[in-house]
Engineer: 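Take this structure, written in structure tokens, and hold onto it; I'll ask about it next.
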Amino acid sequence: MASTVRKMLVTYALPYANGPLHLGHMTGLIQADIWARFQKMQGHDCLFVCGADSHGTPIMIQAEKSGVTPEALTETIRTGHKEDLAGFQIGVDNYHTTHSPENKALCESIFLAHQKAGNILQKSIHQAYDPEKNMFLPDRLIRGICPRCSAEDQYGDGCEVCGAIYSPLDLKNPRSTLSGATPTQKESVHYFFKLTAFAEFLKKWTHEKGHLQAEVTHKLDEWFEAGLKEWDISRDAPYFGFLIPRETQKYFYCWLDAPIGYMASCKNFCDQHPEYSFDFYWKKDSTAELYHFIGKDIIYFHALFWPAVLAGAGYRTPTTIFTHGFLTINGQKMSKSRGTFILAKTFREHIRPEYLRYYLATRLASRIEDIDINFGDFEQRIHSDLVGKFVNIASRSAKFIHANFGGKLADSLSEPELFKSLATAGQPVSQKMDALEFSDAIRDIMALADQVNQYIDSQKPWVVIRDPERQQEAHGICSMGIQLFRQLMVYLKPILPDIAKNAEIFLNCEPLCWADSQKPLPGGHSISEFKPLAERIPKEQISMLKVKDGE
Ligand code: MSP
Ligand code: ZN
């Protein structure tokens with residue numbers, strides 16, 4: 001047990017409710033989940049919340065196209081997300097939605113607090129407008145000819161051919177992708193969040209130790225240098241979101257209410273679990289720790305806007321924001337045409353999700369590098385590490401314990417020093433897990449597994465067992481195998497929760513926590529029948545995966 005129980009709240013970025021989860025989403029979710037499970041195993045009180053990001057124009061338009069309400073669309077998609085989360089053993093305590101009464105109330109009160117503090121201003125701006133659809137057009141819904149290189153069919157916010165960044169007003173021959181009409185200009189009053197008022201606070205916050213990875217702090221310095229701007233937090237009707245107080249045609253921009261969705265998901269959980277208190281987590285000067293896991297594309301929203309929104313409304317700020325890189329497959333961006341745009345559901349229908357957890361963990365570190373899945377390497381890692389090294393220890397030992405020793409372990413450890421060395425090795429492993437250096441942690445754990453296999457190989461229990469005089473010795477060796485396997489299982493449990501559950505049944509023990517690696521199972525302990533904990537992946541399963549989403 002940890003000497004002091006820390007109260008921790010972990011979140012993962014809320015996936016948009018306009019589509020199913022894919023392996024890119026899973027990468028970050030798995031990272032956050034492994035970390036949260038690791039903290040729980042240390043005895044800490046770690047709450048993990050997430051939810052669907054349900055608001056915004058794309059969702060509204062998609063619902064319209066499918067002939068359903070945005071509420072119905074987002075609920076159907078959220079249900080699918082939850083199935084994927086369960087399938088990959090992402091142990092979120094709550095998967096809420098930003099379109100919730102809790103979020104509405106929090107958004108309004110946070111907005112009003114900022115308004116009262118003078119952090120909100122209103123000003124009139126000109127924007128592109130679709131005269132046929134009668135709505136303002138977000139940049140992405142306008143296409144036209146690039147003003148710089150004249151490439152055809154470019155988005156309103158930038159050219160994918162020459163990389164120019166511009167305003168949709170600069171596009172030549174612009175048209176609305178909704179109606180095909182030429183956009184007009186229309187004026188409207190918008191609400192702005194005075195980010196500039198938080199410049200000093202943010203410079204200090206982003207440089208305080210522990211809040212951000214160094215690479216992120218550097219990125220933010222560039223943004224500070226370029227100068228902070230006021231942030232447009234309103235959108236005109238029609239929009240799927242929350243109405244701004246005292247307005248009838250203006251909504252909060254979805255990126256204002258999305259991070260508030262973390263609070264809403266927590267609130268929804270606390271309301272159902274009276275032993276947890278929302279205020280305890282979110283009040284100013286809270287002693288709870290708040291960790292946000294996000295991908296590198298949404299740093300701006302989390303590291304600049306979000307701390308300012310929280311602090312200015314009288315709430316606590318995050319303890320740490322952990323940013324991860326993007327997933328690539330066989331070295332390239334996921335792509336529908338290459339058949340590497342893999343949905344979480346497709347993956348889990350073909351391959352045991354735990355294998356993805358393990359493989360990604362071997363690739364994950366604390367730096368914001370992109371993370372590559374190479375299917376050849378994937379197969380090889382699962383077969384050599386999990387099946388060949390780790391599970392093999394249990395299977396080769398269990399066989400004799402059951403056949404020759406009535407399923408009971410020896411009365412004492414025959415190699416206490418070896419047990420102790422694996423116990424001591426738990427300390428650096430736990431430091432690496434805590435520091436999000438999963439790849440390094442796994443390297444250590446697999447080196448320990450090698451050591452255990454070498455021990456068994458050198459002792460040759462399959463030879464010793466044949467000698468009636470040496471039964472006790474054979475019992476000792478095989479019992480050591482089980483005890484050492486259990487220690488390795490402890491270290492791998494945050495990564496492999498399902499295998500751990502089956503191992504606990506096999507070991508006939510309580511759910512393993514980290515401290516269990518320090519003390520052996522008692523002498524004479526009975527173990528249960530051994531069922532294979534991990535098996536080789538049939539070749540065709542991996543190849544099926546690659547073709548499946550190619551359509
Ligand atoms: N809804 C916003 C987040 C709001 S948080 C208050 C959003 N949604 S998203 O669905 O586009 O992305 C959700 C998370 O998945 C983000 O952390 C994003 O970085 C991550 N990823 C989406 N595609 C990814 C990859 N291809 N690779 C790794 N992570 C990726 O942004
Ligand atoms: Zn261009």
Side-chain angles (χ1 to χ4, degrees), residues 11-32 49-59 74 77-78 80-81 84-85 90 95-99 103 106-107 140 143-166 170-172 241 252-266 292-303 305-307 309-310 318 321-329 332-336 340-344 356 360 363-364 368-373:
T11 72
Y12 186 69
L14 315 179
Y16 284 119
N18 61 352
L21 298 181
H22 53 64
L23 294 196
H25 297 121
M26 278 345 285
T27 306
L29 282 160
I30 287 172
Q31 183 186 42
V49 300
C50 191
D53 187 347
S54 302
H55 289 155
T57 308
I59 289 174
T74 54
I77 289 183
R78 186 167 74 101
H81 287 185
D84 287 331
L85 295 173
I90 306 297
Y95 195 77
H96 204 42
T97 162
T98 56
H99 191 65
N103 205 31
L106 283 162
C107 287
R140 287 253 135 182
R143 281 181 167 259
I145 299 172
C146 168
R148 198 215 270 175
C149 77
S150 299
E152 303 257 353
D153 205 28
Q154 296 303 309
Y155 283 123
D157 54 355
C159 174
E160 288 184 314
V161 176
C162 74
I165 291 174
Y166 41 73
D170 304 329
L171 273 182
K172 287 188 270 179
F252 289 123
Y253 175 38
C254 63
W255 262 110
L256 178 73
D257 76 58
I260 298 174
Y262 297 138
M263 301 172 86
S265 185
C266 176
H292 298 303
F293 285 78
I294 61 165
K296 65 179 182 183
D297 55 327
I298 52 177
I299 292 175
Y300 204 93
F301 295 105
H302 283 83
F305 297 148
W306 181 229
V309 166
L310 283 169
I321 296 172
F322 292 121
T323 304
H324 62 77
F326 261 46
L327 180 75
T328 55
I329 295 193
Q332 288 179 301
K333 261 170 87 169
M334 292 201 295
S335 124
K336 290 204 168 133
T340 53
F341 188 86
I342 302 172
L343 298 182
L356 184 71
L360 286 177
R363 320 274 335 183
L364 280 162
I368 310 167
E369 275 155 10
D370 285 350
I371 304 130
D372 189 51
I373 300 186

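Residues: numbered from 1 along the sequence shown. Nothing here was measured: the structure is a model prediction, and the numbers come from that model. Ligands are counted one by one from 1 in listed order, and the atoms in each one are counted from 1 as well.
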Engineer: How far is atom 24 (C) of ligand 1 from its nearest protein heavy atom, and which residue and atom is that?
Structural biologist: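 The answer is Phe326 CE2, 3.6 Å.
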Engineer: Going by the atom numbers of ligand 1, which of them fall below 4.0 Å from some non-hydrogen atom of His324?
Structural biologist: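 That gives atoms 28 (C), 29 (N) of ligand 1.
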Engineer: Do any nitrogen or oxygen atoms of Tyr262 come within less than 3.5 Å of a nitrogen or oxygen of ligand 1?
Structural biologist: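 N/O-N/O distance under 3.5 Å: no.
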Engineer: Any idea which protein heavy atom is nearest atom 3 (C) of ligand 1, and the distance to it?
Structural biologist: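 Going by distance alone, atom 3 (C) of ligand 1 is nearest to Leu14 O, 3.3 Å.
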Engineer: Quick check: does Gly295 get an N/O under 3.5 Å from an N/O on ligand 1?
Structural biologist: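 Checking ligand 1 against Gly295, an N or O pair does fall under 3.5 Å apart.
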Engineer: Would you give the length of the straight line joining atom NE2 of His81 to atom SG of Cys50, rounded to the nearest 0.5 angstrom?
Structural biologist: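 Atom-to-atom, His81:NE2 and Cys50:SG are 9.5 Å apart.
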Engineer: Ignoring angles and geometry beyond distance, decide whether Ile294 reaches within less than 3.5 Å of ligand 1 through its nitrogen or oxygen atoms.
Structural biologist: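 Among all N and O atoms of Ile294, none is under 3.5 Å from an N or O of ligand 1.
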Engineer: Can you tell me how far the CG atom of Asn18 sits from the CG atom of Asp53, to the nearest 0.5 Å?
Structural biologist: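 Atom-to-atom, Asn18:CG and Asp53:CG are 9.0 Å apart.
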Engineer: Just how far is it from atom CD of Gln31 to atom CD1 of Ile371, taken to the nearest 0.5 Å?
Structural biologist: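 Answer rounded to 0.5 Å: 7.0 Å.
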Engineer: How are the rings of His324 and Tyr12 set relative to one another: parallel (under 30°), tilted (30 to 60°) or perpendicular (over 60°)?
Structural biologist: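 Parallel: the ring planes of His324 and Tyr12 meet at under 30°.
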Engineer: Flag the pair Asp372 and Arg363 as a salt bridge only when some basic side-chain nitrogen lies within less than 4.0 angstrom of an acidic carboxylate oxygen.
Structural biologist: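 Salt bridge absent between Asp372 and Arg363.
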Engineer: Which bit of Tyr12 gets closer than 4.0 Å to ligand 1, counting heavy atoms only: side chain, backbone, both or neither?
Structural biologist: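 Within the 4.0 Å criterion, Tyr12 contacts ligand 1 through side-chain atoms alone.
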Engineer: Show all protein N/O/S atoms under 2.8 Å from the Zn ion (ligand 2), or state that there are none.
Structural biologist: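 Checking every protein N, O and S atom gives Cys146 SG, Cys149 SG, Cys159 SG, Cys162 SG.
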Engineer: Run the ring-centre check on Phe341 versus His22 and record whether the distance is less than 6.0 Å.
Structural biologist: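 Phe341 vs His22: aromatic centres under 6.0 Å.
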Engineer: With sequence neighbours excluded, tell me which residues meet ring-ring contact (aromatic ring centres under 6.0 Å, His included) with His99.
Structural biologist: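 Scan of His99 (ring-ring contact (aromatic ring centres under 6.0 Å, His included), adjacent residues dropped) gives His55, Phe240, Phe242.
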Engineer: Could you tell me which non-hydrogen atom of Ala258 sits nearest to which non-hydrogen atom of Leu14, and how far apart they are?
Structural biologist: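 For Ala258 and Leu14, the tightest heavy-atom pair comes out as O-CD1, 3.2 Å.
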Engineer: Take every heavy atom of Pro259, measure it against each atom of ligand 1, and state whether any distance is under 4.0 Å.
Structural biologist: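 In this structure, Pro259 qualifies as a contact of ligand 1 - some heavy atom is under 4.0 Å.
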Engineer: The criterion is salt bridge (Lys or Arg N to Asp or Glu O under 4.0 Å); which residues satisfy it with Arg148, sequence neighbours excluded?
Structural biologist: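 Checked Arg148 against salt bridge (Lys or Arg N to Asp or Glu O under 4.0 Å); zero matches.
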Engineer: Heavy-atom pairs closer than 4.0 Å: do any link ligand 1 to the side chain of Lys333, the backbone, both, or neither?
Structural biologist: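 The answer is neither; Lys333 stays 4.0 Å or more away.
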Engineer: Would you say Gly24 and ligand 1 have an N/O pair spaced under 3.5 Å apart?
Structural biologist: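 Yes, Gly24 has an N/O under 3.5 Å of an N/O on ligand 1.
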Engineer: State the atoms of ligand 1, each with its element, that fall below the 4.0 Å cut-off from a heavy-atom position in Ala258.
Structural biologist: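 Listed by number with element: 6 (C).
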Engineer: Give the residue and atom name of whichever protein heavy atom lies nearest to atom 27 (N) of ligand 1, and the separation in Å to one decimal.
Structural biologist: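 For atom 27 (N) of ligand 1, the nearest protein heavy atom comes out as Leu327 N, 2.9 Å.
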Engineer: Give yes or no for whether the N/O distance cutoff of 3.5 Å, strictly under, is met between Trp255 and ligand 1.
Structural biologist: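 So ligand 1 has no N or O lying under 3.5 Å from an N or O of Trp255.
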Engineer: Passes side-chain contact (heavy atoms from CB on, under 4.5 Å), Ile165 versus Asp157? Steps please.
Structural biologist: CA-CA 6 Å; Ile165 291 174; Asp157 54 355; over 6 Å; no
Engineer: Got the closest protein heavy atom to atom 23 (N) of ligand 1, with its distance?
Structural biologist: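 Residue, atom and distance for the closest contact: His22 CE1, 3.4 Å.
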Engineer: Does any N/O atom on Tyr16 come nearer than 3.5 Å to any N/O atom on ligand 1?
Structural biologist: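 Yes: some nitrogen or oxygen of Tyr16 is under 3.5 Å from one in ligand 1.
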Engineer: To which protein heavy atom is atom 19 (O) of ligand 1 closest, and what is the distance rounded to 0.1 Å?
Structural biologist: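 Scanning the protein heavy atoms, the shortest distance from atom 19 (O) of ligand 1 goes to Asp297 OD1, 2.5 Å.
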Engineer: To the nearest 0.5 Å, what is the distance between SG on Cys146 and CG on Asp153?
Structural biologist: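 Result: 12.0 Å between the selected atoms.
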Engineer: Looking only at N/O atoms, are His25 and ligand 1 under 3.5 Å apart anywhere?
Structural biologist: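 So ligand 1 has an N or O lying under 3.5 Å from an N or O of His25.
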Engineer: Among all protein heavy atoms, pick the one closest to atom 31 (O) of ligand 1 and tell me residue, atom and distance.
Structural biologist: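 The protein heavy atom lying closest is Ile298 CG2, 3.7 Å.
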Engineer: About how many Å separate OH of Tyr253 and CZ of Phe305, when rounded to the nearest 0.5 Å?
Structural biologist: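 Output value for this atom pair is 8.5 Å.
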Engineer: Quick one: which of Ile294, Ile299, Ile298, Thr11 gives a side-chain contact (heavy atoms from CB on, under 4.5 Å) with Ile321?
Structural biologist: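 That would be Ile294.
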Engineer: Compute the minimum heavy-atom distance from Gly325 to ligand 1 and say whether it is under 4.0 Å.
Structural biologist: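 For ligand 1, residue contact (heavy atoms, under 4.0 Å) with Gly325 is present.
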Engineer: Between Phe301 and His292 (judged by ring centroids, cut-off 6.0 Å), do the two rings come close enough to count as a pair?
Structural biologist: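 Not under 6.0 Å, so no.
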Engineer: Measuring from Ile329:CD1 to Leu23:CG, what's the distance to the nearest 0.5 Å?
Structural biologist: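 With rounding to 0.5 Å, CD1 (Ile329) is 5.0 Å from CG (Leu23).
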Engineer: Should you measure from each heavy atom of Asp53, which atoms of ligand 1 turn up under 4.0 Å away?
Structural biologist: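 Listed by number with element: 1 (N), 2 (C), 4 (C).
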Engineer: List in chain and number order the residues that pass ring-ring contact (aromatic ring centres under 6.0 Å, His included) with Phe326, two or more places apart in sequence or in another chain; answer none if no residue qualifies.
Structural biologist: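 So Phe326 forms no ring-ring contact (aromatic ring centres under 6.0 Å, His included) with any residue.
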